[in-house]
Amino acid sequence: MAKIFLAGGAGYIGTHTAVELINAGYEVIIADNFYNSSPEAVQRVEKITGKSVKLYETDIRDNKKLEEIFSENNIDAVIHFAGLKAVGESVQKPVMYYRNNIDTTLSLLETMEKFNVKNIIFSSSATVYGEENPVPYTETMKRGVCTNPYGWTKAMMEQIFEDAAAADKKLSVILLRYFNPIGAHESGLIGEDPQGIPNNLMPYVSQVAVGKRECLTIFGNDYPTHDGTCTRDYIHVVDLAKGHVKAIDYILSNDRCVEIFNLGTGVPYSVTEIVDTFEKVNNIKVNHVYGARRAGDLAECYANADKALRVLGWKTGKTLEDMCRDSWNWQKNNPDGYNK
Ligand code: NAD
Ligand code: WQD
């Protein structure tokens, strides 16, 4: 049974990926400093799968601790989720973002080299396409000019991985560019648990629906889109997690690969469509008003998802209705997230 090390695996995408990897027969080892997550989330993974998960509390930048983990476990591949991800906060605290996101990457690469681990998958983002590239984004496009430090950390880390793979012809790297993950596991046991006021649309919508926030502000309705609100490529987090399983299958069955894959549906939806669908499938009202545009938002962002289908045999299976229903199921069963 191949062993997969999930750095930052206690978070939103990491826990969903852990479930799908375990279901696919992989053994999962998680390390996290719980900066934006909790050990409870990993216990829920165990509850869903009925399997125990080895969990280490550590900062991924701690090379000594990483070496302990790598020497205790015969790791076949790494998935690097460990990062800070709040766009607005990254503008306020750029140094903290560069320090955390880049150093976690360097520590992982250094430790992998020491222990001769040659497979790594990285959580990148559609944000690296920047402002210049036209939608739909394809993997062959050049990285663009990012609009915030968070985005730049992703672009820089992609570059670091490409340079590391160019220097070490045995190192396999897969860069996964996520679009907009939403939804939750259908059990309602794991989901997104943002601290404080949510930055992202779906957690905000869910918190308004559950009564934690009064009203959603839709940022701008004068964009050049079909209804004036921004469009995004929302992807169910379980589909996204299954994309990681396909990427792990691929990286472990190829002698060597250096690849980039978009993980999106290829179908954009507007903010208004999200709110309307959420209200309809869950039969609940989401108070909302239209407000000013948010700085840095692009009118449209969606993937060309052909490559992941062609090469990995992966495509999404869940609908927007599934995404809205599962987000709400998680929120209403866990109104205060993992703090119960
Ligand atoms: P998350 O915050 O839920 O998960 C990240 C995890 O990494 C958290 O558990 C956090 O505690 C941990 N972490 C952060 N720094 C760490 C460190 N130095 N040492 C140990 N653990 C550390 O976020 P997520 O939504 O699950 O995102 C996972 C990855 O995917 C991130 O790198 C994020 O940037 C990337 N990504 C997310 C999205 C999205 O919309 N959620 C989109 C594109 C890319
Ligand atoms: C979606 C749409 C908002 C909140 C961000 C990162 C990206 C990736 C995913 C992370 C936009 C609108 C939102 C609200 C609103 N990264 N909105 N009212 O900005 O597409 O992408 O998350 O790791 O890098 O930039 O996602 O969920 O913030 O916004 O109207 O209260 O919802 O304007 O059109 P975004 P989002």
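Both counts, for ligands and for their atoms, begin at 1 and track the order of listing.
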I need the atoms of ligand 1 closer than 4.0 Å to a non-hydrogen atom of [X], numbered in the order shown.
{"X": "Gly11", "value": "3 (O), 4 (O), 9 (O), 26 (O)"}
{"X": "Arg61", "value": "18 (N)"}
{"X": "Asn100", "value": "15 (N), 17 (C), 18 (N)"}
{"X": "Ser124", "value": "43 (C), 44 (C)"}
{"X": "Ser123", "value": "29 (C), 30 (O), 32 (O), 35 (C)"}
{"X": "Phe34", "value": "11 (O)"}
{"X": "Tyr35", "value": "11 (O)"}

Asp322: partners by side chain to side chain donor-acceptor pair (under 3.5 Å), with sequence neighbours left out = Thr319, Arg325
Any donor-acceptor N/O pair, [X] side chain to [Y] backbone, under 3.5 Å:
{"X": "Arg177", "Y": "Leu263", "value": "no"}
{"X": "Thr265", "Y": "Val267", "value": "yes"}
{"X": "Asn100", "Y": "Met96", "value": "no"}
{"X": "Trp328", "Y": "Ala209", "value": "no"}
{"X": "Gln207", "Y": "Lys212", "value": "no"}
{"X": "Asn119", "Y": "Ser172", "value": "no"}

message = Tell me if the CD atom of Glu321 is crowded by more than 12 foreign heavy atoms within 6.0 Å.
response = yes
query = Heavy-atom distance to atom 28 (C) of ligand 1: which of Phe179, Tyr56, Phe81 wins?
reply = Phe81
Of the backbone atoms (N, CA, C, O) and the side-chain heavy atoms from C-beta on, which set of [X] has a member under 4.0 Å from an atom of ligand 1: side chain, backbone, both, or neither?
{"X": "Tyr150", "value": "side chain"}
{"X": "Thr104", "value": "side chain"}
{"X": "His80", "value": "neither"}
{"X": "Glu192", "value": "neither"}
{"X": "Ala7", "value": "neither"}

inquiry  = Run His244 and Ile13 through side-chain contact (heavy atoms from CB on, under 4.5 Å) and show every step you take.
reply    = CA-CA 10 Å; His244 290 72; Ile13 301 170; 4.1 Å; yes
Neighbouring protein residues of ligand 2 - any heavy atom closer than 4.0 Å = Lys85, Val87, Ser125, Thr127, Tyr150, Asn180, Asn199, Asn200, Leu201, Leu216, Thr217, Ile218, Phe219, Cys230, Arg232, Tyr234, Val271, Arg294, Asp297
remark   = Applied to residues 106-147, the ring pair (Phe, Tyr, Trp, His ring centres under 6.0 Å) test, sequence neighbours excluded, yields Phe70-Phe115, His80-Phe122, Phe122-Phe161, Tyr129-Tyr137
Which residue and heavy atom of the protein sit nearest [atom], plus the separation:
{"atom": "atom 13 (N) of ligand 1", "result": "Asn33 OD1, 3.6 Å"}
{"atom": "atom 19 (N) of ligand 1", "result": "Ile60 N, 2.9 Å"}
{"atom": "atom 26 (O) of ligand 1", "result": "Ile13 N, 2.8 Å"}
{"atom": "atom 6 (C) of ligand 1", "result": "Gly8 O, 3.4 Å"}
{"atom": "atom 25 (O) of ligand 1", "result": "Lys85 NZ, 2.8 Å"}
{"atom": "atom 3 (O) of ligand 1", "result": "Tyr12 N, 2.9 Å"}
{"atom": "atom 2 (O) of ligand 1", "result": "Asn36 ND2, 2.7 Å"}
{"atom": "atom 40 (O) of ligand 1", "result": "Pro181 CD, 3.3 Å"}

request  = Could you give me the CA-CA distance, side-chain angles and deciding distance for Ile218 and Leu216, then say whether side-chain contact (heavy atoms from CB on, under 4.5 Å) is met?
outcome  = CA-CA 6 Å; Ile218 295 181; Leu216 169 78; 3.8 Å; yes
May I ask you to test the [X]-[Y] pair for a side-chain heavy-atom distance under 4.5 Å?
{"X": "Tyr12", "Y": "Thr17", "result": "no"}
{"X": "Tyr26", "Y": "Glu20", "result": "no"}
{"X": "Glu300", "Y": "Thr225", "result": "yes"}

task = Would you check whether Thr58 reaches within less than 4.0 Å of ligand 1, judged by its heavy atoms?
result =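 It does; at least one heavy atom falls under 4.0 Å.
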query = Is there a heavy atom in Ala31 that sits closer than 4.0 Å to ligand 1?
reply = no
query = Under the ring-ring contact (aromatic ring centres under 6.0 Å, His included) test, which residues partner Tyr269, sequence neighbours left out?
reply =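 In terms of ring-ring contact (aromatic ring centres under 6.0 Å, His included), with neighbours along the sequence ignored, Tyr269 is linked to no residue.
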query = Under 6.0 Å between the ring centres of Phe81 and His16?
reply = no
ask   = Cation over ring, Arg44 on Tyr338, under 6.0 Å and within 45°?
value =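 Verdict for Tyr338: no cation-pi partner in Arg44.
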